[in-house]
Amino acid sequence: AAADMGFLSAMTLVSLAFYVGRLGFYYDDYSLLGRMDASEDRSLLGYYNAVKEGYGERPVAAFGFATLYRLFGLDPLGYHLANAAMLVAVALILYLVLRELRLPRLVSVAVPLVYLTLPHYATARFWAELVNANLSIALFLVSLYAGLRAVRAPSYARAGWLALVTLAITATMFTYELVVPLFLLNAVLVWWTGRRAEQRGAWLVIAAILGTLVVAGAVKAAIVAEGGQNGYEIGLESGVPHHLAYLVSGMIKLNLGTYLLALPYVLWWIVENRFSALDAAVAAAIGLAAFLYLRRLGDRDRSAFAATTT
């Protein structure tokens with residue numbers, strides 16, 4: 001596990017190292033930073049009070065960005081280093097989740113690696129304010145890992161894991177709504193794990209997941225209904241069918257369009273307008289290192305499988 005987590009950390013950091021120092025602020029960053037820069041109260045609480053309206057009903061996200069401003073002010077490097085650390089955390093927690101699900105070691109390393117290197121959500125690597133979106137993903141994975149551990153934990157330790165499940169779900173709900181529907185997946189995975197291992201504690205974990213999701217969701221919905229708002233006003237202004245159609249059409253345009261049918265054009269545009277020998281060399285080095293490491297894991301998995309079947 002230590003070797004795999006070190007490899008994932010290295011791949012993530014190397015992919016960031018050659019451009020993170022050149023990144024700046026973008027789009028919503030300016031309005032949020034402007035609120036805190038104009039605050040008369042220069043304490044952390046003062047910055048939080050200044051920026052919380054810009055985040056709507058996302059107090060955890062507001063507190064996180066206020067903390068970064070307190071630490072780094074208007075220097076973008078600190079924000080992007082914090083975001084890099086969050087990306088590493090996502091990779092490592094996802095690895096632990098997959099190992100807890102008893103998936104092969106090769107899969108447990110390959111999935112976080114693919115997740116972190118896909119270009120589909122590159123904005124999450126460049127946009128300082130989206131550190132909170134990455135935080136919400138990390139919290140979601142923490143809740144899943146804690147739920148899986150609670151299934152097989154002895155009775156005296158289960159309460160601690162359940163408390164972590166509840167805390168992580170609640171924190172996610174008030175950070176970003178990005179992953180909230182995936183908590184239902186958590187319940188399914190916990191049920192599947194408990195059924196496979198014949199652990200009755202799985203139902204207690206499922207109850208904690210669903211109960212926390214309902215209570216925290218109701219609280220947030222009530223606050224929004226009383227005049228609050230989040231970034232998309234819950235995203236249902238034109239009705240549920242319209243919103244779902246918007247999400248599905250966006251998924252098709254990005255995955256089928258930009259990164260499949262239009263991939264030759266995308267690659268040509270990069271070479272024509274933004275080609276860098278250093279970037280190409282780094283990409284090649286990361287690709288080669290990943291291939292060699294995953295090939296070694298694949299050989300070990302095959303050897304272990306053969307040993308258990310003979």
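All figures in this text were calculated on a predicted structure; none of them were measured in a lab.
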Task: For the student: nearest non-hydrogen atoms of R70 and L44, plus distance - done: CB-CD1, 4.2 Å
Open item on the list: A side-chain contact here means heavy atoms from C-beta on lying under 4.5 Å apart; do S15 and T117 qualify?
Closed with: no
Open item on the list: Using side-chain heavy atoms (C-beta onward) and a distance below 4.5 Å, is W269 in contact with R274?
Closed with: yes
Open item on the list: L213 vs M173, test: side-chain contact (heavy atoms from CB on, under 4.5 Å). Steps then yes/no.
Closed with: CA-CA 8 Å; L213 191 61; M173 188 71 70; 3.6 Å; yes
- [ ] Show the numbers, then the answer: is there a side chain to side chain donor-acceptor pair (under 3.5 Å) between D4 and S108?
- [x] CA-CA 9 Å; D4 294 341; S108 299; over 6 Å; no
Open item on the list: With rounding to the nearest 0.5 angstrom, report the CG to CD1 distance, L141 to I93.
Closed with: 6.0 Å
- [ ] Check whether any side-chain heavy atom of L182 sits under 4.5 Å from a side-chain heavy atom of L144, and report yes or no.
- [x] no
Task: Spacing of Y145 atom OH and L101 atom CG [to the nearest 0.5 Å] - done: 11.0 Å
Task: Check: R99 and R105 side chains under 4.5 Å, non-hydrogen atoms - done: yes
Open item on the list: To check you understand the geometry: which heavy-atom pair defines the closest contact between S136 and V179, and what is its length?
Closed with: O-CG2, 3.7 Å
Task: Side-chain touch N132/R58, heavy atoms, less than 4.5 angstrom - done: no
Task: Among Y176, F174, Y55, side-chain contact (heavy atoms from CB on, under 4.5 Å) partner for V60 - done: F174
- [ ] List the steps, then state whether side-chain contact (heavy atoms from CB on, under 4.5 Å) holds for L116 with L87.
- [x] CA-CA 8 Å; L116 287 169; L87 289 168; 4.2 Å; yes
Open item on the list: Among L178, N83, D29, T123, exactly one meets side-chain contact (heavy atoms from CB on, under 4.5 Å) together with L130. Which residue is that?
Closed with: T123
TODO: Step by step, work out the salt bridge (charged side-chain N to carboxylate O under 4.0 Å, His left out) result for E53 and R35.
DONE: CA-CA 9 Å; E53 293 300 325; R35 290 171 180 266; over 6 Å; no
- [ ] Spell out, yes or no, whether V14 and V114 are grouped together once hydrophobic residues are joined by side-chain heavy atoms under 4.5 Å, including indirect joins.
- [x] yes
Task: same_hphob_cluster(L13, I137) at 4.5 Å side-chain heavy-atom cutoff - done: yes
Task: Donor-acceptor pair, side chain of R102 and main chain of T193, under 3.5 angstrom - done: no
Open item on the list: Quick check on the 6.0 Å ring-centre criterion: do F65 and Y47 meet it?
Closed with: no
TODO: Mark yes when over 12 heavy atoms from residues, nucleotides or ligands other than R42 sit less than 6.0 Å from its CZ; otherwise mark no.
DONE: yes
TODO: Please say whether more than 12 non-hydrogen atoms of neighbouring residues, nucleotides or ligands are located less than 6.0 Å from CZ in R295.
DONE: no
Open item on the list: Quick one, Y79 with V131, criterion side-chain contact (heavy atoms from CB on, under 4.5 Å). Give me CA distance, side-chain angles, the key distance, then yes/no.
Closed with: CA-CA 8 Å; Y79 297 80; V131 64; over 6 Å; no
Task: Separation of S143 OG from I209 CD1 (nearest 0.5 Å) - done: 7.0 Å
- [ ] Would you check if M11 and L113 make a side-chain contact, meaning some heavy-atom pair closer than 4.5 Å?
- [x] yes
Open item on the list: I'd like to know if L118 and V266 are part of one continuous hydrophobic network [Ile/Leu/Val/Met/Phe/Trp/Tyr, side-chain heavy atoms within less than 4.5 Å].
Closed with: no
- [ ] Please report the shortest heavy-atom distance between L135 and M86, naming the atom on each side.
- [x] N-CG, 3.6 Å
Task: Distance (rounded to the nearest 0.5 Å) between I270 CD1 and W268 CH2 - done: 11.5 Å
Task: Six-ring centre of Y19, R22 cation under 6.0 angstrom, axis tolerance 45° - done: no
Task: Cluster link F72 to V51, ILVMFWY, side chain under 4.5 Å - done: yes
Task: Taking every non-hydrogen atom, the tightest pair across V90 and N134 - done: CG2-O, 3.7 Å
- [ ] Apply the ring-ring contact (aromatic ring centres under 6.0 Å, His included) test between W127 and each candidate in Y26, Y27, F25; give the one that qualifies.
- [x] Y27
Task: A91 versus L8, closest heavy-atom pair with distance - done: O-CD1, 4.1 Å
- [ ] Rounded to the nearest 0.5 Å, what's the gap from CG on L94 to CZ on F140? Could you check?
- [x] 9.0 Å
Task: Full working for side-chain contact (heavy atoms from CB on, under 4.5 Å) between N255 and L260 - done: CA-CA 6 Å; N255 294 283; L260 183 62; over 6 Å; no
Open item on the list: Using a 6.0 Å cut-off, check whether atom OH of Y293 has over 12 heavy atoms from anything other than its own residue.
Closed with: yes
Task: Student check: side-chain heavy atoms of S39 and N49 closer than 4.5 Å - done: no
- [ ] Give, for atom CG of L106 and atom CG of L98, the distance between the pair rounded to the nearest 0.5 Å.
- [x] 11.5 Å
Task: Sub-4.5 Å side-chain heavy-atom contact between M36 and L33 - done: yes
TODO: Could you tell me which non-hydrogen atom of L68 sits nearest to which non-hydrogen atom of A82, and how far apart they are?
DONE: CD2-CB, 3.8 Å
Open item on the list: Starting from Y48, can I reach Y69 by hopping between I/L/V/M/F/W/Y residues whose side chains sit under 4.5 Å apart?
Closed with: no
